[in-house]
Amino acid sequence: MLARICRRWLLLTFYFFLLFLPTLFGTLHAKEKTTQIKFGVINKRQNHPDVVFQQYGKFYAYLTRRLAEQDIDTAPLIITQNVQEMENAVRTNTVNMFMEGLMPSLALKYNTKLVNPSLLAWRKGQRQYYSVFFVRRDSSIATLVDLRSHSIAFEKPGSTSAFQVPLAILRQQNITTSPARFINNDSSVHYQFAGTELNQVYWVLRRKTNAAAFNDGDWNRLPEHIRKDLQIIYQSKPMVRWLVSFHQDLKPSTKAAVVKILLHMHEDPQGIAAMQSKFRISRFENLNKKDQANLDYWQKVLINSEVLQ
Amino acid sequence: VKLRLATKYTLCISLLLILVVSLVLLGLAALGKHHLDQFRSELTQALTTAKTIDNERVLQANAKYLHRRLFNPMYNLDISSLNEEIKLVRQLLPVTEFLILDRQGTILTDGTKENKRYGEALSIPNLLKQQTTQFLENKNTLKLNLIIGSKDFLLGYALISLNNQALLDSIGILNKDMSRMNDRLLHSLLLAFLGTMILTILLGVLLSRSLSRFLSRPLTEMSKAAERYAQGQLTYPLPVRTEDELGELAYSLNKMAADLHKSEGQIRAIVNNSTTVINIKDRNGRYLLINKRFQELFLIGQTCIKGKTDYDLFSEQTAALLQRNDQTVLASNLPMQFEESFIQNDGQHTYISDKFPLYLADGTAYAICSISTDITQRKNWENQLRKSEENLSTTLNSIGDGVITTDADGVITRINPVAVELTGWATEDAVGQSIHKVVQIIDETSHIAIPLPVERCIEEGIVIGLANHTLLIRRDGKKIAIEDSMAPIRHEKNDISGIVLVFHDVTKARHLAAKLSYQASHDALTGLINRHEFAHRIEAAQRNAKDRNSQHVMLYIDLDQFKIVNDTSGHVAGDELLKQIASLLKESLREGDTLARLGGDEFGVLLENCPLEKAAKIAEQIRLKLMEFHFIWQDLSFNINCSIGIAPINQTSSNLSEVLSAADLACIAAKDGGRNRIHIADTHDQGFIQRKGEMRWLPRLQNAFKNDNFHLYAQKIIACTDKSHPIKHIELLLRLQENDLIIPPGAFIPAAERYNFMPQIDNWVISRVFSYIQQQSTDENIKYAINLSGASISDPTLVKYIFSQSDKFKIAPEKICFEITETAAIANLTNASNLIKILKSEGFSFALDDFGSGLSSFAYLKNLPVDYLKIDGMFVKDIVNDPLDYTMVKSINDIGHSMGIKTIAEYVENAEILDQLTILGVDYAQGFYIHKPEPIRNFDF
């Protein structure tokens with residue numbers, strides 16, 4: 001009698017095990033970490049993949065070569081047309097490593113919950129930078145609040161320092177914003193895109209818009225005889241210049257190998273050449289606590305101002 | 001490879017010229033190099049400047065394009081794009097300054113990142129305000145100014161300065177250097193020209209000498225050789241010195257001379273050995289040449305003939321004819337043929353002469369050539385052939401058959417008058433036509449065209465008799481029955497050169513044949529088909545039933561009263577009755593049914609594709625129709641009935657005789673059933689089986705005759721009352737012996753009657769009995785009773801036979817008593833009555849057998865003058881016990897006696913019967929009690 005009960009229970013257990021075997025297998029399989037580096041880039045200039053290759057080609061070739069020394073495989077470079085496409089690539093694990101500015105990095109982290117910025121990069125000589133608002137020196141506008149009912153020139157929608165951060169700052173101060181129309185008669189700040197930083201400057205100089213905003217690096221690079229006719233009315237808190245993010249599913253040892261190569265790249269003449277070519281990166285660093293706090297601050301600001309959704 | 005002369009000279013001259021030109025060019029090149037090296041750097045600079053000039057032109061030509069490119073960025077205040085455009089232009093042109101100004105003339109950008117002159121105000125040239133593009137040029141600078149936008153929608157200005165000074169400097173230096181270089185080059189070319197001239201002269205001298213040596217000498221030799229050939233010295237050899245064209249020419253001339261020599265020899269041989277007569281005369285008729293044959297025939301030599309004319313050789317008349325023919329040819333300038341006659345040693349000969357003019361190179365006829373062939377023999381043959389042809393034509397025109405001959409392609413070559421008449425084609429129309437067109441035949445029955453086997457006749461080379469029953473379609477469409485045959489025409493070598501078709505009109509013969517055929521298959525009286533043809537059709541129906549599983553039916557019709565009509569009103573009436581009955585039967589049948597007269601009063605009907613039930617209906621209709629029919633003959637009217645036997649013809653029918661016998665038996669069954677009815681053959685029917693059994697007797701009876709199996713038995717007849725009567729009576733009875741079995745007559749007589757064997761049997765009995773009597777003792781008191789059948793009674797030959805046999809065996813008629821049954825006598829009353837009368841008149845006596853079995857026996861007694869009545873045994877055997885039989889026997893006996901006829905009782909099987917008969921006064925008795933029949937050979941009274 002007892003033997004029969006035992007045998008029945010054994011059978012039931014076996015069937016139960018068979019029933020859940022595929023699920024169990026799937027779970028185990030899902031937790032298996034990716035070992036291949038799949039590096040992705042958001043192409044700022046659509047239909048010009050050559051620009052991407054000029055910017056990242058040498059860098060990625062260097063990285064591939066170095067990883068191959070450790071038997072780590074790399075996938076071909078993946079180019080997405082915008083942040084949304086990169087978001088999909090991250091979700092499907094088609095991309096597990098990318099380098100971007102503050103805003104896209106935070107947006108991808110916030111929206112996918114799958115990636116985290118791990119390293120920062122010095123770019124164009126900046127470890128961090130600011131957004132500055134400027135007007136003509138002879139303008140009556142002296143504060144951000146004065147911008148109400150006036151126009152402002154931003155660079156382009158994808159720009160962190162020349163659009164998204166300035167927009168967030170304006171909204172943080174309860175200043176409403178709206179795209180410029182033919183007739184603008186409300187109290188919001190009317191913005192339009194000049195396409196380049198240079199145009200932003202001349203639009204202000206030529207009074208096409210009342211103000212403009214971009215990063216302090218651009219400001220500092222303006223010729224003196226131009227800059228003398230302009231003045232800064234607001235400067236944001238600092239922002240990390242460039243970030244390297246990794247997918248959570250990337251195998252830790254692989255990630256560690258990549259991080260190690262990047263952190264020592266500026267010590268290798270070939271690494272320096274790969275970073276400087278068009279890319280204009282001078283070195284990579286680990287994010288410190290202050291940097292992490294800065295990221296948290298900006299994430300909060302961008303979310304509150306609904307720039308990051 | 002053998003080098004050709006032209007190639008040799010071409011190579012030689014070319015090499016020399018190339019050498020000269022190369023030397024000249026080398027000199028020029030050396031000079032040029034020297035000077036070019038000296039001025040290479042200046043030249044390069046000059047070319048660069050020239051390129052700058054070209055760019056300016058491009059800039060001017062594309063000012064509109066630049067204007068369009070700058071519009072959009074200017075309108076959008078897109079300084080970055082403006083800078084990009086400026087950068088692009090700077091890459092293409094030697095731009096020293098490129099400024100973009102706003103409407104007020106303030107500088108917006110100079111294209112640099114620094115944009116140092118930003119905001120500087122410049123004065124806009126008034127001229128530019130009036131036009132969209134302006135070009136200004138001074139010593140150092142070329143300026144291109146253009147409006148961005150339009151005069152009505154001015155966005156700004158573009159001021160472009162280009163470096164002009166460097167350009168002008170380069171061009172000036174270039175001009176100077178190029179002039180100097182040109183002078184030096186001219187000098188060099190002059191020197192080269194002089195050198196080339198000297199070299200060319202030297203080359204010319206060398207070439208002349210070579211040409212003279214290579215060309216002139218061989219040509220001179222050829223010229224001399226040609227002169228020799230013209231003089232007839234064709235054997236003169238020309239030296240072949242080279243292997244070039246001149247060598248080939250010399251070789252060809254040698255070959256030509258040899259060929260000419262050879263062909264002249266050939267022509268001479270042909271002319272002299274030819275059997276034809278050849279001569280050439282000049283325009284005036286004087287002989288220039290004659291061949292050997294001419295010399296032989298007319299006995300004149302070649303040397304003597306020259307200068308002579310035809311008048312010198314022939315009679316005046318012949319010469320005039322020849323001269324006239326020659327002049328005709330010369331006048332027409334064409335080859336012509338004439339028939340000419342000459343008197344030779346063996347008589348007059350006829351020649352066919354081909355005459356043609358001979359021409360000089362300018363086309364003038366200078367002589368006339370005649371080639372004459374003796375055709376005397378041929379003329380004779382032609383005459384013979386003509387005669388043969390006339391004979392052939394006469395023959396063909398005389399014979400009664402149509403004759404057509406063709407060539408191997410079937411094209412008609414000859415057609416005789418009979419063939420013309422039969423085909424309807426005139427000779428001139430038919431000759432040259434295909435025989436298939438002229439002789440078109442069709443099948444007489446189907447009217448399907450029958451192709452003439454011309455090709456087969458030619459291929460196989462055999463005589464082919466054409467299809468039977470053919471009709472020839474005349475040209476006018478009329479059809480003629482013909483019989484024909486086709487034979488190949490062979491040459492002497494057995495080759496077939498065509499065919500000859502011989503045919504004749506058989507319309508009458510075919511009509512006659514058709515008539516004969518009709519008569520063979522039809523009954524002359526009624527016009528219906530006869531038994532023979534009917535049997536064929538039954539057989540065909542039987543095959544059809546077997547092949548196609550179809551159902552046919554045969555009716556066997558027998559008229560019940562025909563004999564009465566025939567007997568009472570004669571054969572003419574009988575024939576008329578049969579004709580009318582035939583018409584009646586036709587009316588009752590369906591279209592396509594076959595009606596036949598099978599013989600006597602018997603008709604047969606074949607109902608094809610007819611179910612048995614339908615056939616029964618048709619038979620019944622026939623029966624009713626005949627019932628309603630009254631045959632009127634003179635004042636008499638006869639009712640006609642018929643008995644119809646119906647037999648199916650289907651897959652199970654085995655053969656013709658089975659079908660016929662089945663129908664016959666069914667008809668007999670109908671008769672047996674009381675006549676005037678139909679009966680369907682039923683193989684399971686008892687009567688059918690019996691009748692079929694009778695049929696089986698047929699071969700047995702034939703066999704009995706063949707093997708002499710019939711035997712005679714004798715039975716005594718005794719006197720009952722007058723026992724002392726001296727005459728003894730014996731009845732002779734027939735038996736058939738098969739193996740050890742003795743078969744009584746009751747078994748085979750019905751079959752013998754059915755199949756008409758009875759006359760034959762009766763004759764056999766008569767003959768045997770008479771023979772027996774002759775062989776017996778001379779006891780003349782014995783009377784022999786011989787039975788005669790009904791069939792024999794009607795046999796017209798019987799009487800003659802009896803007389804001949806009695807004469808043969810010397811039999812006294814009184815010794816013979818013929819017995820005929822009452823039934824047979826009544827059925828053939830007239831014949832029976834006549835027979836009795838005739839034989840009785842000769843002394844024979846008669847007994848009426850089985851008397852009483854008929855219904856009206858007594859009535860007939862008056863017409864039958866018999867001597868004895870044999871009372872039917874059916875009444876006699878029960879006479880003791882049955883009062884009715886007793887009365888019957890008594891009545892017959894009484895009536896017989898009252899008519900003076902003796903009576904004989906049969907079937908006397910015991911003493912009581914004999915006693916009773918004795919009491920009644922019956923004269924004679926016969927039966928097993930008295931005597932059992934025994935073989936006549938054992939019999940002894």
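The structure presented is a predicted model; accordingly, all values stated were derived computationally and were not measured. Chain identifiers are assigned alphabetically (A, B, ...) following the order of the sequence lines, protein sequences preceding nucleic acid strands; residue numbering begins at 1 within each chain.
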Heavy atom to heavy atom, less than 4.5 Å: which residues from residues 70-82 of chain B reach chain A? Asn76(B), Leu77(B), Asp78(B), Ile79(B), Ser80(B)
Those residues of residues 197-228 of chain A that come under 4.5 Å of chain B on a heavy-atom basis, listed by number, are Leu198(A), Asn199(A), Tyr202(A), Trp203(A), Leu205(A), Arg206(A), Lys208(A), Pro223(A), His225(A), Ile226(A)
If the contact rule is any heavy atom under 4.5 Å from chain B, which residues of residues 229-243 of chain A qualify, in numerical order? none
Among residues 103-116 of chain B, those lying within the under-4.5 Å heavy-atom range of chain A are Leu108(B), Lys113(B), Glu114(B), Asn115(B), Lys116(B)
